[in-house]
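A quick write-up on the structure given underneath.
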There are 2 protein chains.
Amino acid sequence: MTETAPRPTLEAVAARAGVSRATVSRVVNGGDGVREPLVERVRKAVEELGYVPNQAARSLVTRRHDAIAVVVAEPETRVFADPFFALQLRGISKELTAHDNQLVLLLTEGRDDHARVGRYLAGGHVDGALVFSLHLDDPLPGLIQHAGVPTVFGGRPGWSGDRRGVVYVDSDNRGGARDAVRHLAGLGRTRIAHITGALDQTSAVDRLDGYRDVMVDADPQLIVEGDFTPTGGERAMRELLERCPDLDAVFAANDLTAAGALRVLRASGRQVPDDVAVVGFDDMLPVAEQTDPPLTTVRQDIEEMGRLMARLLLRGVDRRAGERVGGAPSSVVLPTTLVRRASA
Amino acid sequence: MTETAPRPTLEAVAARAGVSRATVSRVVNGGDGVREPLVERVRKAVEELGYVPNQAARSLVTRRHDAIAVVVAEPETRVFADPFFALQLRGISKELTAHDNQLVLLLTEGRDDHARVGRYLAGGHVDGALVFSLHLDDPLPGLIQHAGVPTVFGGRPGWSGDRRGVVYVDSDNRGGARDAVRHLAGLGRTRIAHITGALDQTSAVDRLDGYRDVMVDADPQLIVEGDFTPTGGERAMRELLERCPDLDAVFAANDLTAAGALRVLRASGRQVPDDVAVVGFDDMLPVAEQTDPPLTTVRQDIEEMGRLMARLLLRGVDRRAGERVGGAPSSVVLPTTLVRRASA
DNA sequence: GGATCATCCGAGAGCGCTCTCACCTCCTCC
DNA sequence: GGAGGAGGTGAGAGCGCTCTCGGATGATCC
């Protein structure tokens with residue numbers, strides 16, 4: 001914890017280079033319209049003094065912060081047991097860094113925090129927001145809309161409010177689920193069960209819908225609600241085995257759920273995939289490759305989702321700043337692919 | 001992506017309340033030395049106009065940002081497969097939020113990024129930095145010291161530079177390792193192997209030292225280098241079984257490594273804990289509780305580490321800002337506890 | 001009742017930067 | 001050779017806030 005040295009200002013650089021503040025400012029911001037010899041002199045002065053612009057002063061006049069908030073509206077510990085979010089964060093970070101933007105992370109713990117986040121966003125500290133893990137009844141989108149900050153959502157928000165101008169990036173959950181179930185059907189399986197995700201999230205609902213698209217008149221006994229966690233998967237699998245001991249396949253809403261289901265199946269003496277075939281969702285590598293047997297699953301490019309969210313948001317921010325960068329960004333749904341491994 | 005409305009300024013609030021800017025400022029910042037009726041009037045005006053202070057303008061004069069950078073110097077994907085970091089982040093976030101500070105996340109990808117991070121910290125955008133996952137040869141501490149930003153490290157930095165004023169929070173890795181190995185010895189095991197972590201990190205080195213403290217003249221064949229990952233654990237375990245088929249216990253440098261080792265042991269037909277007892281490190285719940293059998297492991301309170309780091313840093317920041325808050329913060333080493341489950 | 005003092009409030013400077021606008025120089029062209 | 005123009009540079013205002021300092025106000029005390 002060292003002590004502060006007073007940092008040089010534009011003024012100081014200008015004095016040293018023998019030019020005006022305005023010229024230094026021009027050079028620091030790209031140097032357009034300044035003649036070469038002067039540019040050189042200013043650069044040298046900047047170097048010698050170790051000048052770094054004061055971001056606060058700059059923001060005060062430009063009204064830009066070059067910072068984006070990432071809001072994770074996840075009250076539970078689940079996000080943290082789940083590499084999903086970390087991967088998106090990585091994608092976001094890469095994209096933001098590439099555009100010289102900073103990432104301000106806002107984790108919310110419970111309801112009270114929503115107000116805090118709303119205030120923060122409204123406070124104009126950041127140029128935009130990326131919002132994750134929305135649940136169906138979440139008040140956050142309303143607050144954000146009210147704050148008037150450009151926003152992109154991670155996953156389609158299941159939100160009943162004003163939809164205009166809502167931009168999100170999502171995977172084709174429904175299509176991916178269809179692929180998974182069709183694959184199982186293609187293997188000759190007929191009693192295909194589904195362990196859902198937490199149904200207060202649209203991704204879980206969409207995957208369930210995809211399952212139903214294929215299993216048009218599925219035995220309702222074959223559907224059990226899970227919660228995207230391994231223990232939820234275990235519980236659901238036990239319930240399924242009790243209700244439908246004759247099932248021959250399981251489509252789990254995500255890989256973690258599938259991992260839990262696999263354990264229960266093994267414990268029950270059933271062989272995977274011979275007795276029961278299992279398909280997951282996400283292709284979360286550390287999980288999907290490490291299960292026994294390795295998991296057949298629906299891959300979504302999570303990091304790319306993150307990167308895309310950031311890109312859309314930055315475009316929206318620039319647009320708002322008056323730069324012409326094409327029309328208003330619109331939502332994107334990314335395709336999924338089935339990855340075959342040993343479990344189905 | 002809604003449009004901006006011009007936000008009200010202090011001036012506007014002052015006009016509406018019929019007072020001066022200074023008075024509004026006082027009220028907004030706590031209201032000391034302003035008489036009740038005026039406070040009330042100002043509060044009302046703030047409310048009515050929806051006034052939120054402009055942080056940039058404030059920072060410009062106070063030189064405080066109420067923001068802390070979290071730097072993750074981890075070039076690999078490992079951090080993300082590992083809930084460890086996420087838990088610390090959660091602890092940090094809680095503590096920062098409680099003190100109205102924001103969290104700016106800086107992820108670095110490879111060497112070039114270090115310069116960027118150094119520049120950012122030197123740029124005075126944040127009041128302090130929390131730095132993680134340092135490797136032995138990392139240039140970051142030097143850069144940070146040069147930037148002159150108050151910093152707290154997560155884990156003891158294995159760094160050969162100037163040590164003065166370096167503050168870190170760490171677990172008692174060595175002591176925890178000793179407990180683990182002693183526990184195995186107490187079970188009557190004599191051929192106790194160790195799969196190390198990535199030895200370019202001090203935590204791995206310390207755990208190895210702890211192992212050696214107890215196994216004073218251990219067969220060097222019983223020590224294999226791992227890398228904190230499940231696959232590393234598998235590879236190491238295979239190597240161990242080949243070299244020392246008579247081993248009767250394994251102390252793995254972390255839970256993920258232990259999980260990999262467990263798989264290999266099972267595949268080799270050995271019973272855990274009967275043939276080989278296994279102890280991990282971290283007590284990372286989703287991992288430790290889900291292995292088969294559940295893992296005996298050394299618990300460290302990861303979230304608390306994060307919270308503590310943030311607390312120390314904020315104290316250092318306040319100190320620097322001239323507020324008297326006791327002496328310079330010094331490093332903290334948190335105790336660990338052995339958690340007994342089925343694997344040993 | 002007037003001097004003294006504490007308390008409260010407002011005027012105004014200034015944080016470090018950007019950006020407009022006027023000026024100045026040097027070409028170009030008729 | 002002089003008008004017109006293009007491009008470079010500097011002066012200065014102002015972004016929204018905090019904070020010092022002096023003045024006003026009213027309480028206190030002899």
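In what follows, chains are A, B, ... by sequence order, proteins preceding strands, each numbered from 1.
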* Please check if any side-chain donor atom of A/R63 sits under 3.5 Å from a side-chain acceptor atom of B/N54, or the reverse. => no
* **Rounded distance in Å - CZ (B/R58) to C1' (C/dG14)** => 17 Å
* According to a strict under-4.0 Å criterion, is A/T23 in side-chain N/O contact with OP1 or OP2 of D/dG10? -> yes
* Asked: For the side chain of A/V19, counting heavy atoms from C-beta on, which of D/dG10, D/dC19, C/dC17 is nearest?
  -> D/dG10
* State which of D/dG10, C/dG16, C/dA13 makes the closest approach to the side chain of A/A22. => D/dG10
* Is there a donor-acceptor contact under 3.5 Å from the side chain of B/T151 to the main chain of B/V149? -> yes
* Asked: Is it true that the side chains of B/R64 and B/N101 contain a donor and an acceptor less than 3.5 Å apart?
  -> no
* Asked: Does OP1 or OP2 of C/dT18 have a side-chain N or O of A/T62 closer than 4.0 Å?
  -> no
* Asked: Looking at the side chain of A/S20, which of C/dG16, C/dG10, D/dA11 is the nearest nucleotide?
  -> D/dA11
* Please give, in whole Å, the distance from D/dG16 P to B/Y51 OH? -> 10 Å
* Asked: What is the distance from CZ of B/R64 to C1' of D/dC17, rounded to the nearest Å?
  -> 16 Å
* How long is the line joining CG of A/N54 and P of D/dC17, in whole Å? -> 16 Å
* Structure fact -> Closest of D/dC17, C/dG16, C/dT18 to the B/T9 side chain is D/dC17
* **Short side-chain N/O contact to C/dG16 OP1/OP2 from B/R63, under 4.0 Å** => yes
* Asked: Within this structure, what is the CG-to-P distance between B/D32 and D/dC19, rounded to whole angstrom?
  -> 12 Å
* Asked: What nucleotide among D/dT18, C/dC17, C/dC9 has an atom nearest to a side-chain atom of B/R35?
  -> C/dC9
* Asked: To the nearest angstrom, how far is B/R41 atom CZ from C/dC9 atom C1'?
  -> 12 Å
* Whole angstrom is fine here: how far is it from CD in A/E36 over to C1' in D/dG7? => 16 Å
* **Sidechain N-carboxylate O distance under 4.0 Å for A/E47, A/K44** => no
* Rounded distance in Å - CG (B/L10) to P (C/dG14) -> 19 Å
* Asked: What's the closest nucleotide to the A/A57 side chain, out of D/dT9, D/dG16, C/dG16?
  -> C/dG16
* To do: Please tell me which of B/V34 and A/P53 maps to the more 5' nucleotide of DNA chain C, matching each residue to the nucleotide holding its nearest heavy atom.
  => B/V34
* To do: Answer yes or no: are there more than 12 heavy-atom neighbours, outside B/E36 itself, under 6.0 Å from its atom CD?
  => yes
* Structure fact -> Here the gap from A/L89 atom CG to B/L107 atom CG, rounded to the nearest 0.5 Å, amounts to 6.0 Å
* Give the nucleotide from the list C/dT18, D/dG16, C/dG10 with an atom nearest to the side chain of A/S25. => C/dT18
* Asked: If you look at every strand shown and take non-hydrogen atoms under 4.0 Å, does A/R26 touch a base, only sugar-phosphate, or nothing?
  -> base
* To do: Indicate whether OP1 or OP2 belonging to D/dT18 is found under 4.0 Å from a side-chain N or O atom of B/N29.
  => yes
